[in-house]
Amino acid sequence: MRETAKYTDEELIALFQKGDERAYLELVRRYKDRLVNFVFRFVSSREMAEDIVQDTFLKLYTSSHMYKEIARFSTWIYTIAGNLAKTELRKRKRRKIYSIHDMGIDDKEFEIPSDTYNPERESRSAYQEKEIQIAISRLPEQFKTAIILRDIQELSYEEISKIVGVPAGTVKSRINRGRLKLQEILKELKSK
Amino acid sequence: MDCYSFSNLLTDYLDNQLKLPLRREAETHLRECPVCRRKVEEMAGLVDALHALPKVSASDSFEAVLMEKISHYHENLQHPRNLRTLFSTHSRTFSAAAALILVMTGTLVIWRGYNPRLENLPSAMNSAPVLSSMGSANTTPSTQQSAMPSKGHTSSSMALKDSSNNKNLDNRDGLGPEDFRNQIQLVNDRR
């Protein structure tokens with residue numbers, strides 16, 4: 001086998017389906033950071049994000065046969081991670097545990113990942129990271145997914161459309177409405 | 001282009017998704033409209049802020065914890081799990097099955113409560129003469145007894161009377177629609 005780094009994602013998953021575990025590890029290395037970032041913006045907790053992404057990779061390990069080559073691997077893995085994140089958020093909502101949704105910007109518990117937090121950069125920006133994260137958490141689920149995938153993960157409309165399972169026109173509309181809603185929430189937060 | 005048309009294109013404009021002729025139209029409108037210009041600036045600021053959010057990456061222990069989860073999965077496959085683990089994993093299935101059993105039992109109990117014939121049906125079918133099994137309120141106790149051999153005999157005449165009335169009712173209820181139709185047919189044939 002040539003070096004795993006030279007394979008495409010789809011070649012790697014095909015190899016893993018045939019039992020090559022090195023291919024699996026390569027996929028984990030390629031996607032772990034992207035997925036942790038994606039899920040973190042969803043659930044606002046790094047620990048929970050890591051847990052969800054590990055469960056996503058466990059699902060990849062146990063159900064790799066479910067992947068069919070008609071879809072891109074990235075689309076498939078983002079869909080699994082997104083669904084697990086949404087399930088976790090719903091569980092939390094039911095249990096009414098700690099909810100960032102109800103927090104104000106002065107709350108201390110909000111988690112900013114220490115290794116990436118840069119106060120200098122933040123002071124130059126029109127919005128603080130904390131405000132943005134709170135505003136994202138208050139978005140309706142559909143808008144939240146669209147905004148995170150487009151404006152944070154920087155995926156194309158087509159990819160988002162496949163991940164979310166709606167036409168590209170609907171994705172565009174959700175992004176547009178999501179951004180307007182986000183602006184509105186940020187204005188509210190600033191006025192408090 | 002007016003402000004309404006432009007606002008519908010705002011996302012496409014910011015994301016560079018507009019084809020050239022439409023993009024030129026949008027830019028012409030922007031040069032003329034300070035309100036839309038301001039909207040674009042604000043929205044672009046927000047999108048930039050979102051792009052600039054720090055990237056959160058997996059911790060150093062991420063892969064080690066994942067491997068632990070995978071080995072735990074293998075262990076569960078190799079060794080039968082204890083009941084508690086089994087229940088916690090399939091708690092929804094167990095709850096659904098329990099609820100189904102409860103509903104079915106409840107339905108059966110209520111149904112039998114409204115249909116006491118179910119208890120007596122075999123005896124009524126085995127031994128009841130046609131006419132007596134059709135049962136009327138005036139049927140004699142002896143007829144009742146022959147129709148309902150499974151019921152106990154009592155020494156007290158009062159008890160016998162009560163008992164016979166009950167049996168009579170039981171016996172009448174004991175007829176299913178099909179038995180009833182058959183017997184009507186028999187009576188008509190005799191006529």
Side-chain angles (χ1 to χ4, degrees), chain A residues 21 24-25 28-29 31-41 46-47 49-51 53-58 61-62 111-113 115-118 121-122 124-129 131-133 135-136 147-148 150-152 154 156-157 172-180 182-183 186-187, chain B residues 3-19 22-23 26 35-78 81 88-89 91-92 95:
Chain A
E21 297 212 343
Y24 173 76
L25 284 176
V28 171
R29 278 167 202 154
Y31 280 89
K32 63 178 182 180
D33 290 339
R34 282 185 248 184
L35 290 178
V36 166
N37 189 47
F38 166 56
V39 177
F40 171 79
R41 294 297 166 199
R46 186 191 187 133
E47 196 186 333
E50 288 216 358
D51 198 39
V53 177
Q54 279 155 355
D55 288 348
T56 305
F57 285 123
L58 184 63
Y61 189 87
T62 58
E111 193 178 333
I112 294 175
D115 55 344
T116 52
Y117 178 56
N118 183 345
R121 178 175 54 192
E122 186 147 284
R124 289 198 303 266
S125 166
Y127 305 102
Q128 288 186 344
E129 186 197 348
E131 286 174 332
I132 295 176
Q133 187 63 41
I136 290 172
I147 293 290
I148 295 174
R150 176 66 193 166
D151 291 333
I152 298 177
E154 300 181 30
S156 69
Y157 287 169
K172 211 177 276 185
S173 153
R174 286 181 187 176
I175 292 168
N176 193 27
R177 290 166 65 197
R179 283 174 182 169
L180 289 169
L182 202 59
Q183 263 187 335
L186 282 164
K187 276 179 191 163
Chain B
C3 294
Y4 178 76
S5 310
F6 180 80
S7 69
N8 285 333
L9 298 173
L10 184 57
T11 299
D12 284 334
Y13 177 77
L14 285 172
D15 290 354
N16 278 325
Q17 299 286 317
L18 287 182
K19 290 191 175 150
L22 208 52
R23 184 164 191 88
V35 177
C36 287
R37 223 167 30 235
R38 191 175 156 74
K39 271 188 191 172
V40 168
E41 278 165 16
E42 281 179 1
M43 192 60 91
L46 173 64
V47 174
D48 285 348
L50 288 167
H51 284 316
L53 282 175
K55 301 284 180 235
V56 182
S57 45
S59 65
D60 294 340
S61 62
F62 181 91
E63 284 182 32
V65 176
L66 173 62
M67 291 309 133
E68 264 176 47
K69 285 188 178 184
I70 290 173
S71 80
H72 188 66
Y73 165 78
H74 280 300
E75 273 170 30
N76 280 344
L77 276 186
Q78 280 162 6
R81 286 170 291 185
S88 64
T89 317
S91 57
R92 282 187 180 184
S95 308

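Quick note on labels: first sequence line is chain A, next is B, and so on, each numbered from 1.
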Taken to the nearest 0.5 Å, the spacing of A:Asp151 CG from B:Leu53 CG works out to 9.5 Å
Identify which of A:Thr62, A:Leu186, A:Val28, A:Ile175 forms the greatest number of heavy-atom pairs closer than 4.5 Å to chain B.
A:Thr62
Show the nearest heavy-atom pair for residues B:Pro54 and A:Asn37, with the distance to one decimal.
O-OD1, 3.9 Å
Relative to chain B, which segment of A:Leu180 carries a heavy atom at a distance below 4.5 Å: side chain, backbone, both, or neither?
both
With a cut-off of 3.5 Å and sequence neighbours excluded, list every side-chain donor-acceptor pair involving residues 60-68 of chain B.
from    : atom 1 : to      : atom 2 : distance (Å)
B:Ser61 : OG     : B:Ser59 : OG     : 3.3
B:Glu63 : OE1    : A:Arg29 : NE     : 3.3
B:Glu63 : OE1    : A:Arg29 : NH2    : 3.2
B:Glu63 : OE2    : A:Arg29 : NE     : 3.4
B:Glu63 : OE2    : A:Lys32 : NZ     : 3.0

Distance col, row A:Ile147:CD1 vs B:Leu50:CG, nearest 0.5 angstrom, shows 6.5 Å
Output the option from B:Asp12, B:Leu10, B:Asp15 having the highest count of non-hydrogen pairs under 4.5 Å with chain A.
B:Asp15
Quick check: does any side chain N or O of A:Arg179 sit under 3.5 Å from a backbone N or O of B:Ala44, one acting as donor and the other as acceptor?
no
State the CG-NE2 distance between A:Leu58 and B:His72, to the nearest 0.5 angstrom.
10.0 Å
Which region of A:Leu35, side chain (C-beta onward) or backbone (N, CA, C, O), has a non-hydrogen atom less than 4.5 Å from a non-hydrogen atom of chain B, or is it both or neither?
neither
Measure distances from A:Tyr31 to the heavy atoms of chain B and classify the residue's part below 4.5 Å as side chain, backbone, both or neither.
neither
Report the distance from atom CG of B:Asn8 to atom CG of A:Asn176, rounding to the nearest 0.5 Å.
7.5 Å
Which portion of A:Phe38 sits near chain B, non-hydrogen atoms under 4.5 angstrom:
neither
Heavy-atom contact with chain B under 4.5 Å, split by part of A:Glu154:
side chain
Decide if atom CZ of B:Arg23 counts as having more than 12 heavy atoms of other residues, nucleotides or ligands within a radius under 6.0 Å.
yes
Quick one: pull up CZ in A:Arg150 and OG1 in B:Thr11 and give me the separation to the nearest 0.5 Å.
9.5 Å
So, B:Lys55 and A:Asp33, do they make that salt bridge, N to O below 4.0 Å?
no
Considering all heavy atoms of both residues, which atom of A:Val36 and which atom of B:Ala58 are nearest to each other, and what is their separation?
CG2-CB, 3.9 Å
